[in-house]
Enquirer: 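My questions will all concern the structure given below.
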Amino acid sequence: MSTGSGNFLLVPIPEYPGLDCVPNKNVKIVVLGASNVGKTALIVRFLTKRFIGDYEANTGALYSRKINLEGEQVSLQVQDTPCVSLQDDAEGLYCQEQINRSIYWADGYVLVFSITDMHSYRTIQPLYEHVRRIHPSGNIPIILVGNKSDLLRARQVPADEGQTLAAELGGHYFEASARENHEGVQAAFLHLCQEVSRALGGVNGEKRRGGLHLARPKSPNMQELKRRFRQVLSSRGKSTTAV
Ligand SMILES: Nc1nc2c(ncn2[C@@H]2O[C@H](COP(=O)(O)OP(=O)(O)OP(=O)(O)O)[C@@H](O)[C@H]2O)c(=O)[nH]1
């Protein structure tokens, strides 16, 4: 097994060079799931439109891109992770510390199982609960991806089970094939990016409202108070003159 983020031997995905210059929004997503479900394949498909049969078992590469979302340029970071697995009692998860850090860091979550592997599907609920423990409050943008949809004959997880689980977790369900279809993978990732982007604030969202370029509007109430004060003073002056 190789180490570090340079472990991705077959499809090097260069970092986007000018990323530091992208000002307003930074969308951070992490891809999580059991072993061999196609986490790396999905990321590579999304970022390069390519599928390459075999990948180094990864220890957590981080990829950066600039993408256009609803007409707005945002910087996207995608964190690949080592696999998680169920504990013997099937209640908890074996989850490396590195994965916990990624969960803490991210704003959006791609939970992946393989439709040909019921065991990988069963890790999803405990995995989601694990994410919830790390982010106990607020909305968690997630999507659930049933990968390997090209292997229909080997299907172990019916599509409606995926849909039901996604609804329970408050996310959308996508069936995808990293091997055969770029569009499905792209639709799934972009959906999540949009969810995260909205959660971070739209084009006129938090970061821009707080930006340096906007002049702080004067309070209309203060203006009104000053105007009335001047009015009162001048009318007093007039009445004094009249007397
Ligand atoms: N048929 C088919 N095979 C796929 C698909 N996606 C990935 N694979 C294959 O499944 C295997 C595992 O893919 P990876 O992307 O390494 O899976 P992973 O979840 O990152 O695996 P770990 O590194 O063990 O966590 C590889 O042999 C891939 O070629 C798919 O959509 N269809």
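Along the sequence shown, residues are numbered consecutively beginning with 1.
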Enquirer: Can you see which heavy atom on Ser64 is nearest to which on Gln77, and at what distance?
Expert: OG-CG, 3.9 Å
Enquirer: Quick one: pull up NE2 in His130 and CG in Asn100 and give me the separation to the nearest 0.5 Å.
Expert: 3.5 Å
Enquirer: Only counting residues at least two apart or in another chain, list the ones meeting side chain to side chain donor-acceptor pair (under 3.5 Å) with Ser177.
Expert: Asp150
Enquirer: Looking at Ile142, Asp80, Val131, Val37, which one forms a side chain to side chain contact (heavy atoms under 4.5 Å, CB included) with Leu32?
Expert: Val131
Enquirer: Between CZ of Arg132 and OH of Tyr109, what distance do you get to the nearest 0.5 Å?
Expert: 10.0 Å
Enquirer: Could you tabulate the donor-acceptor pairs under 3.5 Å formed by side-chain atoms of residues 157-174, not counting sequence neighbours?
Expert:
from: Thr164; atom 1: OG1; to: Asp160; atom 2: O; distance (Å): 2.7
from: His172; atom 1: ND1; to: His191; atom 2: NE2; distance (Å): 3.4
from: Tyr173; atom 1: OH; to: Glu175; atom 2: OE2; distance (Å): 2.7

Enquirer: What do the steps show when you test Leu144 against Phe113 for side chain to side chain contact (heavy atoms under 4.5 Å, CB included), and what is the final call?
Expert: CA-CA 8 Å; Leu144 180 61; Phe113 67 91; 3.8 Å; yes
Enquirer: Using the side chain to side chain donor-acceptor pair (under 3.5 Å) criterion, which residues pair with His119? Sequence neighbours excluded.
Expert: none
Enquirer: For a quick test of reading the model, state the closest non-hydrogen atom pair linking His135 to Ala106 and the distance between them.
Expert: NE2-O, 4.0 Å
Enquirer: Among Val78, Leu192, Val74, which residue satisfies the side chain to side chain contact (heavy atoms under 4.5 Å, CB included) criterion with Val27?
Expert: Val74
Enquirer: Measure the spacing between SG of Cys193 and CG of Asp107 and express it to the nearest 0.5 Å.
Expert: 10.5 Å
Enquirer: Looking only at heavy atoms, what is the nearest atom pair of Pro141 and Val196, with distance?
Expert: CB-CG2, 4.0 Å
Enquirer: Decide side chain to side chain contact (heavy atoms under 4.5 Å, CB included) for Leu47 and Phe189; before the verdict, give the C-alpha distance in whole Å, the side-chain angles of both, and the deciding distance to 0.1 Å.
Expert: CA-CA 10 Å; Leu47 295 177; Phe189 274 82; over 6 Å; no
Enquirer: Distance-only, no hydrogens or angles: does the Ser120 side chain make a donor-acceptor pair with backbone N or O of Ser114 under 3.5 Å?
Expert: yes
Enquirer: Evaluate the criterion side chain to side chain contact (heavy atoms under 4.5 Å, CB included) for residue pair Val110 and Phe46; output intermediate values, then yes/no.
Expert: CA-CA 12 Å; Val110 183; Phe46 172 54; over 6 Å; no
Enquirer: Between Ile99 and Cys83, which heavy-atom pair has the shortest distance, and what is it?
Expert: CD1-O, 3.9 Å
Enquirer: Can you name the side chain to side chain donor-acceptor pair (under 3.5 Å) partners of Thr123, sequence neighbours left out?
Expert: none
Enquirer: Sub-3.5 Å donor-acceptor pair from the side chain of Lys148 to the main-chain atoms of Arg155, do we have one?
Expert: no
Enquirer: Supply the atom-to-atom distance Gln156 CD to Leu151 CG, rounded to the nearest 0.5 angstrom.
Expert: 11.0 Å
Enquirer: Roughly how far, to the nearest 0.5 Å, is the CG atom of Asn36 from the CG atom of Asp117?
Expert: 8.0 Å
Enquirer: Between Arg45 and Ala178, what is the shortest heavy-atom contact and its length?
Expert: NE-O, 2.7 Å
Enquirer: Looking at OG1 of Thr48 and CD1 of Ile43, how far apart are the two atoms once the value is rounded to the nearest 0.5 Å?
Expert: 11.0 Å
Enquirer: Assess, by modelled atom type and distance only, whether the side chains of Asn26 and Ser75 contain a donor and an acceptor separated by less than 3.5 Å.
Expert: yes
Enquirer: Over all heavy atoms of both residues, which pair between Ser197 and Glu72 is shortest? Give the atoms and the distance, please.
Expert: OG-OE1, 4.3 Å
Enquirer: Return the set of residues passing side-chain contact (heavy atoms from CB on, under 4.5 Å) with Ser102 (not counting sequence neighbours), or none when no residue passes.
Expert: Val30, Gln79, Thr81
Enquirer: Applying side chain to side chain donor-acceptor pair (under 3.5 Å), can you list everything that pairs with Arg101, at least two apart in sequence or on another chain?
Expert: none
